[in-house]
Amino acid sequence: MKHSTKVKECPKCGEKELGKGKRSGYGVMFPDNKMNFVGSVVEYIICTECGFIIESYVKI
């Protein structure tokens, strides 16, 4: 399943160019109620002008 956002511009500064980012290092998401220790990467939709994080989601 591919993620797509309905947001077309930054709500903070109005910039229309949005980009994707992901957290590096230990910024992975782990299930709270599972014994499985394999995590998933957290991805972000960000404003390329001011850096405001518009959305974040777990890549599956």
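Side-chain atoms are counted along with the backbone in the values below, which use heavy atoms only and exclude waters and symmetry mates.
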Problem set entry | Derivation of the side chain to side chain contact (heavy atoms under 4.5 Å, CB included) call for Ile54 and Leu18 | CA-CA 9 Å; Ile54 296 167; Leu18 306 178; 3.4 Å; yes
Problem set entry | For Lys20 against Glu43, the heavy-atom pair lying closest together | NZ-OE1, 4.4 Å
For this session: Measure across Cys47 and Cys50 and return the closest heavy-atom pair with its distance rounded to 0.1 Å.
Result: SG-N, 3.4 Å
Exercise. Can you check whether Val42 reaches Lys22 side chain to side chain, under 4.5 Å on heavy atoms?
Worked result: no
Problem set entry | Salt bridge present between Glu9 and Lys16 (N-O < 4.0 angstrom) | yes
For this session: Answer yes or no: is there a donor N or O on one side and an acceptor on the other, between the side chain of Thr48 and the main chain of Glu17, under 3.5 Å?
Result: yes
Problem set entry | Side chain to side chain, Cys13 and Phe52, heavy atoms closer than 4.5 Å | no
